[in-house]
Amino acid sequence: MTKLPLSFYQRSALQVAPELLGKVLVTCKKGEITSGVIVEVEAYTGEDDPASHVYQGRKTPRTRILYEAGGRVYVYRIYGIYTCLNVVTGEKGQPHSVFIRALEPREGIEVMKKRRGTEDIRRLTSGPARLTQALGIDMNFYGESLTGERIFILDSSSLPPHEIATSPRINIDYAGEGRNLPYRFYLRNSPFLSRR
DNA sequence: TGTCCGATTGGT
DNA sequence: CCAATCGGACAG
């Protein structure tokens, strides 16, 4: 297996998002490898997207990395407690990203159980803030390259289209009209989705 | 400087 | 259904 190349990421979020399903997200922290198959993502499509952190051209210290070329990590804090992970996509100056919402655990399950404080496999990585905790992803990962050693995504064969489902994005009621856009993509039969 | 609020989660 | 908990965004 080989890492996805930068060229994979340097396209629009709507192209990249469904293609990330079935790929394997890996982190290596203090020699401990943890990984999971990506089963749920959402596309955030830049300054015209009411749900995006860069809506209407907000350029702030937090969103700086979104304006760089695709292939890096965008992490942010939410509710003062949790960390959420995005993959930056698009060309430089095109602030797209793909929000990673859920994984199916693969490698390092014992480490993940310890980090999450639960034995329940279904609650290890089935949610955006759960998976970051399980994989040890914190704010120090801001801007990290996805072609490096700490965090990367492994390539794998494409999935048959009928396994991929679409829906509106979750918990973006603040986005007005944008709340109905079908920008969430997930593996139809996965037991590891984030739904509650 | 002050106020408002969230791309969530876990427990009632 | 609701609280937790604090940095970011923005108004003044």
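Throughout, protein chains are lettered first and strands after them, A, B, ... in sequence-line order, and every chain is numbered starting at 1.
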| Checking all strands, does A:Ala51 fall into the base, sugar-phosphate, or nothing category for heavy-atom contacts under 4.0 angstrom? | base
| message | With a cut-off of less than 4.0 Å, is there a side-chain N or O of A:His53 near OP1 or OP2 of C:dG8? | response | no
| side-chain N/O A:Arg179 vs B:dA7 OP1/OP2, d < 4.0 Å | no
| request: Scan every strand shown for a Watson-Crick or G-U wobble partner of C:dC6, both distances under 3.5 Å, and answer none if you come up empty. | output: B:dG6
| query | To the nearest Å, how far apart are A:Leu124 CG and B:dT9 C1'? | reply | 15 Å
| Distance in angstrom units between A:Ile81 CD1 and B:dG11 C1', rounded | 13 Å
| message | Between B:dG2 and C:dT5, how far apart are the two P atoms, rounded to whole Å? | response | 22 Å
| request: Starting from P on B:dG6, measure out to OH on A:Tyr44 and report it in whole angstrom. | output: 13 Å
| So does A:Arg123 have more than 12 non-hydrogen atoms from other groups sitting under 6.0 Å from CZ? | no
| query | Whole Å only: how far is the CG atom of A:Asn86 from the P atom of B:dA7? | reply | 11 Å
| request: Validate the cation-pi geometry between A:Arg11 and A:Phe8: distance from NZ or CZ to the six-membered ring centre under 6.0 Å, angle to the ring axis within 45°. | output: yes
| task | Give the minimum heavy-atom separation between A:Ser194 and A:Arg101, together with the two atoms involved. | result | OG-NH2, 3.1 Å
| query | More than 12 heavy atoms of other residues, nucleotides or ligands under 6.0 Å from CZ of A:Arg106: is that the case? | reply | no
| message | For a quick test of reading the model: is some side-chain N or O of A:Thr60 closer than 4.0 Å to OP1 or OP2 of C:dA9? | response | yes
| request: Can you tell me the distance, in whole Å, between the CD1 atom of A:Ile78 and the C1' atom of C:dA9? | output: 13 Å
| Taking atom types as modelled, is there a side-chain donor on A:Gln133 or A:Arg116 under 3.5 Å from an acceptor on the other? | yes
| Does A:Tyr79 stack onto the base of B:dT8, taking stacking as ring centres under 5.5 Å apart and planes under 30° apart? | yes
| task | Check the distance between B:dT8's C1' and A:Asp173's CG and give it to me in whole angstrom. | result | 14 Å
| What nucleic acid atoms does A:Arg184 come within less than 4.0 Å of, heavy atoms only: base, sugar-phosphate, or nothing? | nothing
| query | When all nucleic acid strands are considered with a 4.0 Å heavy-atom cut-off, which category describes A:Arg62: base, sugar-phosphate, or nothing? | reply | sugar-phosphate
| said: Need one value for A:Ile172: base, sugar-phosphate or nothing, where a base atom within 4.0 Å counts as base even if backbone is also close, heavy atoms only. | reply: sugar-phosphate
| Starting at OH of A:Tyr76 and ending at C1' of C:dA9, how long is that distance when rounded to a whole Å? | 15 Å
| Nucleotide opposite B:dG11 in a Watson-Crick or G-U pair, distances under 3.5 Å | C:dC1
| query | Within this structure, what is the CD-to-C1' distance between A:Gln133 and B:dT9, rounded to whole angstrom? | reply | 10 Å
